[in-house]
Amino acid sequence: MKKTFRFICSAFIGLSVLMMASCDKTAAVKEAAEKAAQSCPIKLGPVGEATAFSVDNEALVCDITPDTAFVVGEEFDKSLVARFLAVELQRSVPELFTKVIDSEMGLKGNVKLPSGNVETMVSAEELGNFNKQLISASGNYASILLPILNQYLNTQADKELDKGLTFKKVQVKGSQEQVMINVDEEQTKFDDLKRQIYAIKDDGAKKIECVKNFMSMALPLIEQMNYDLVYRYSTKSGSETFMEITSDEIKAYLNK
């Protein structure tokens, strides 16, 4: 009986210690969040701006006013945005980010869109694993995020991008991010397409405006990797053409 009582007491004490430690860590996150909130709005790179921080039972919550060059409309990869948010928080408010990791909490992004709020989420386990990847990347976050983004984009094969133009796949080849586009000649005259591309071949901003609705989330990563972005257009009959946006043009557009 005494052994049983001692075991129950030990278990209760151990559980109490764990609960106190957890409460202390949560309190530390709340304190850091309140401190960070005093500096809002905080620029979060290509994601946009953090306008407020709060803490719920499972995560740090960051209110975000998104950059329209990064999030266009409501159809975006919420998991990817949350990972971008993690990267930018680590850069902008490292003390807060470290306390979130130490407390084994997740990360939520409350993205403010004109049509309403959209929530993104990375669980505590996912965030912990992602943080290990960030540490191993030694600052080259794009090397982690771009493959994730490309995998997501490739799930959208056959997506219509414009009249007669459908997305086929995206891949990294050498120092290029290549986007393959199928051209339906019954809807789009190939020679007209070539003339349109040639007319803006020296205007980086116009070229990016043509593609940003689909590739906006990739542009900051392509810039960090110092890649060119190449759109390759092909028809069933074998005709091909391309539009190249150089790394310098991407840098100029994102930093204007």
Got a sec, which residues hit side chain to side chain contact (heavy atoms under 4.5 Å, CB included) with A142, two or more places apart in sequence or on another chain?
N140, L221, Q224, M225
When rounded to the nearest 0.5 angstrom, what distance separates CD1 in I222 from CE in M215?
4.5 Å
Any side-chain heavy atom of M217 sitting closer than 4.5 Å to one from V81?
yes
Could you name each residue pair satisfying side-chain hydrogen bond (donor to acceptor under 3.5 Å, both in side chains) that touches residues 45-60, not counting sequence neighbours?
D56-K108, E58-K108
Quick check on the hydrophobic clustering: are F97 and I42 connected, directly or via other members, by side-chain heavy-atom contacts under 4.5 Å?
yes
Pairwise side-chain contact, L44 with C62, heavy-atom cut-off 4.5 Å (strictly under)
yes
ring-ring contact (aromatic ring centres under 6.0 Å, His included) contacts touching residues 218-244 (sequence neighbours left out):
none
Result block: side-chain N/O donor-acceptor pairs under 3.5 angstrom for residues 163-175, not counting sequence neighbours:
from	atom 1	to	atom 2	distance (Å)
Q171	NE2	Q178	OE1	3.3

Can you confirm whether the side chains of K236 and N182 place a donor and an acceptor under 3.5 Å from each other?
no
Could you check whether any side-chain heavy atom of S247 comes within less than 4.5 Å of a side-chain heavy atom of K251, counting everything from C-beta outward?
yes
Do Y152 and L219 share a hydrophobic cluster, counting only Ile, Leu, Val, Met, Phe, Trp and Tyr and linking them when any side-chain heavy atoms are less than 4.5 Å apart?
yes
Does a side-chain heavy-atom distance below 4.5 Å link F53 with L96?
yes
Residues 191-204 side chain polar contacts: donor-acceptor under 3.5 Å, at least two apart:
from	atom 1	to	atom 2	distance (Å)
D192	OD1	R195	NH2	2.3
D203	OD1	A205	N	3.3
D203	OD1	K206	N	3.1

Decide yes or no for Q156 and L153: does some side-chain heavy atom of the first lie under 4.5 Å from some side-chain heavy atom of the second?
yes
When rounded to the nearest 0.5 Å, the distance separating CD of Q90 from CD1 of I101 is 8.0 Å
CG-CZ distance between L89 and F84, expressed to the nearest 0.5 angstrom:
13.5 Å
To the nearest 0.5 Å, how far apart are CG in D228 and OG1 in T246?
6.0 Å
Which residues share a side chain to side chain contact (heavy atoms under 4.5 Å, CB included) with E95, sequence neighbours left out:
K35, K99
Rounded to the nearest 0.5 Å, what's the gap from CE on M121 to NZ on K78? Could you check?
14.5 Å
Under a 4.5 Å cut-off applied to non-hydrogen side-chain atoms, are M243 and V211 in contact?
yes
